[in-house]
Amino acid sequence: MSVLPRNPDVPLLVSDWQADVTQLLDESHLVAWSEFAARRTQFAVSLSQFLGGLKDAEVIVLYGKFITDLDSFCYQLERAIPGPLLERRVHGPHGVVSLLRERAHFRGRADSKYRFYVWHDADVLLKHDAKLFGQLLDAFAGVAAEAEFVSDDALLLHRAVLVGSSMLDMYAEDTTGQCCSWYDDGHGEPFWEAVTGLQSPSFMRYRVDVLGAPLIEVPGSKRTGT
């Protein structure tokens with residue numbers, strides 16, 4: 001049974017759900033969806049505020065309404081993560097992956113241990129360019145897996161929260177999409193599988209309209225090391 005009223009204009013009624021959702025992010029990235037824009041906004045804003053209050057955590061908010069191509073994605077990312085000049089490419093020395101790996105160090109302040117990416121209206125880019133959307137998800141999940149399972153540096157846990165309509169949930173069900181499998185560039189073993197030894201990324205599906213209900217694990221997202 002839904003824990004929310006049938007009227008989509010009524011705010012989320014469930015209290016203290018933020019901590020439960022945050023706990024789920026210990027293991028997986030999250031695909032959160034609702035057909036009601038107001039509820040999606042409430043979910044994303046409230047979760048962002050909660051995550052921002054955690055010790056040693058930083059929150060990167062991406063406003064997907066304005067992300068329709070690689071340039072508009074990079075425009076927001078380079079204003080959220082300190083680092084070198086960001087070229088309009090996913091891979092490469094100055095691409096998206098390189099910037100995601102960056103970690104700011106400030107004198108007299110402990111380094112962050114958690115970085116959360118909250119992407120509002122992520123389905124907007126999915127509608128405009130599904131291939132690019134998959135490549136960017138691959139970058140988020142790949143950098144996260146690399147930092148968690150491969151890097152010798154102090155751990156920076158990366159977790160992405162994608163918020164959108166049911167179109168996003170349908171993408172998460174697609175076994176060929178990047179919620180279920182690493183991006184295949186056509187050059188043999190997928191890059192992140194080769195780097196991390198993991199057979200697939202780890203995502204969970206979450207319906208905002210039934211906050212507190214069990215999560216749905218994305219098929220094939222179990223992490224298996226070599």
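Since this is a predicted model, take the numbers as computed values, not measurements.
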*Test Leu100 against Val96 for side-chain contact (heavy atoms from CB on, under 4.5 Å), laying out the working first.*
CA-CA 6 Å; Leu100 292 178; Val96 170; 4.0 Å; yes
*Derivation of the ring-ring contact (aromatic ring centres under 6.0 Å, His included) call for Phe50 and Trp17*: CA-CA 10 Å; Phe50 182 86; Trp17 57 265; 8.3 Å; no
_Show, in sequence, the C-alpha distance, side-chain angles and deciding distance for Phe140 and Trp192, and conclude whether the ring-ring contact (aromatic ring centres under 6.0 Å, His included) test is met._
CA-CA 11 Å; Phe140 280 126; Trp192 290 113; over 10 Å; no
_If you apply the rule side-chain contact (heavy atoms from CB on, under 4.5 Å), what do you find for Asp121 with Asp123, and how did you get there?_
CA-CA 5 Å; Asp121 302 310; Asp123 52 326; 4.3 Å; yes
*List the steps and the verdict of side-chain contact (heavy atoms from CB on, under 4.5 Å) for Ile60 and Val118.*
CA-CA 6 Å; Ile60 307 300; Val118 180; over 6 Å; no
*Go through the steps for Gln178 and Phe203 under the test side-chain contact (heavy atoms from CB on, under 4.5 Å), then give the verdict.*
CA-CA 9 Å; Gln178 274 52 75; Phe203 282 83; over 6 Å; no
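Here His158 and Phe116 keep their ring centres 6.0 angstrom or further from each other.
Leu77 and Leu125 fall within the same hydrophobic cluster, defined by Ile, Leu, Val, Met, Phe, Trp and Tyr side-chain heavy atoms under 4.5 Å apart, directly or through other members. One hydrophobic cluster holds both Leu126 and Leu136 under the rule that ILVMFWY side chains link at heavy-atom gaps under 4.5 Å. Cluster membership for Phe191 and Leu99, using ILVMFWY side-chain heavy atoms within less than 4.5 angstrom, is shared. Residue Val161 is grouped with residue Phe66 when hydrophobic side chains (ILVMFWY) are merged at heavy-atom distances under 4.5 angstrom, including chains of intermediate members. Cluster membership for Leu155 and Val150, using ILVMFWY side-chain heavy atoms within less than 4.5 angstrom, is not shared.
Smallest separation of non-hydrogen atoms from Ile81 and Arg115: CD1-NH1, 3.9 Å. Between Trp182 and Leu198, the shortest heavy-atom distance links the atoms NE1-O, 2.8 Å. Among all heavy-atom pairs drawn from Arg205 and Asp169, the shortest one is NE-OD1, 2.7 Å. The two residues Ala172 and Cys180 make their nearest non-hydrogen contact at O-SG, 3.3 Å. Nearest heavy-atom pair across Thr196 and Gly142 is CG2-O, 4.4 Å. Of all non-hydrogen atoms in Gln135 and Tyr183, the two that sit nearest each other are NE2-OH, 3.5 Å.
Rounding to the nearest 0.5 angstrom, the gap separating the CH2 atom in Trp33 from the CE atom in Met167 is 14.0 Å. From Leu25, atom CG reaches atom CG of Leu51 across 6.5 Å, with rounding to the nearest 0.5 Å. Here Tyr114 contributes atom OH and Leu54 contributes atom CG; the two are 8.5 Å apart, rounded to the nearest 0.5 Å. The CG atom of Leu70 sits 8.0 Å away from the CG atom of Leu86 when rounded to the nearest 0.5 Å. With rounding to the nearest 0.5 angstrom, the CD atom of Glu78 is 10.0 Å from the CD atom of Gln76. Note: Met204 CE to Cys179 SG = 12.0 Å, rounded to the nearest 0.5 Å.
The side-chain heavy atoms of Glu102 and Pro84, taken from C-beta on, include a pair separated by under 4.5 Å. By the 4.5 Å heavy-atom criterion applied to side chains, Val195 and Glu146 are counted as neighbours. Residues Leu162 and Leu30 are not in side-chain contact: their nearest non-hydrogen atoms beyond the backbone lie 4.5 Å or more apart.
The closest donor-acceptor contact from the side chain of Arg79 to the backbone of Cys74 lies at 3.5 Å or more, if one exists at all. Under the 3.5 Å distance criterion, the side-chain polar atoms of Arg89 are matched with a main-chain donor or acceptor of His91. Although no hydrogens or angles enter the test, the distance criterion places a donor-acceptor pair under 3.5 Å between the side chain of His29 and the main chain of Ala160.
For the ring-ring contact (aromatic ring centres under 6.0 Å, His included) criterion with Phe73, the lone passing option out of Phe133, Tyr117, Tyr63, Trp119 is Trp119.
Of the N and O atoms on the side chains of Ser166 and Glu35, at least one donor lies less than 3.5 Å from an acceptor on the other residue. A side-chain N or O of Glu58 and one of Ser112 form a donor-acceptor pair less than 3.5 Å apart. Judged by distance alone, the side chains of Asp69 and Ser72 do bring a donor and an acceptor atom under 3.5 Å apart.
Taking the charged nitrogens against the carboxylate oxygens, Asp129 and Lys131 have no contact shorter than 4.0 Å, which rules out a salt bridge. Looking at Asp71 and Arg88, a side-chain N of the basic residue comes within less than 4.0 Å of a carboxylate O on the acidic one, giving a salt bridge. The pair Glu27-Arg159 does not meet the salt-bridge criterion, since no charged nitrogen lies less than 4.0 angstrom from a carboxylate oxygen.
No more than 12 heavy-atom neighbours from other residues, nucleotides or ligands sit within 6.0 angstrom of CD on Gln49.
By the 6.0 Å and 45° rule, Arg40 does not stack over the aromatic ring of Phe36.
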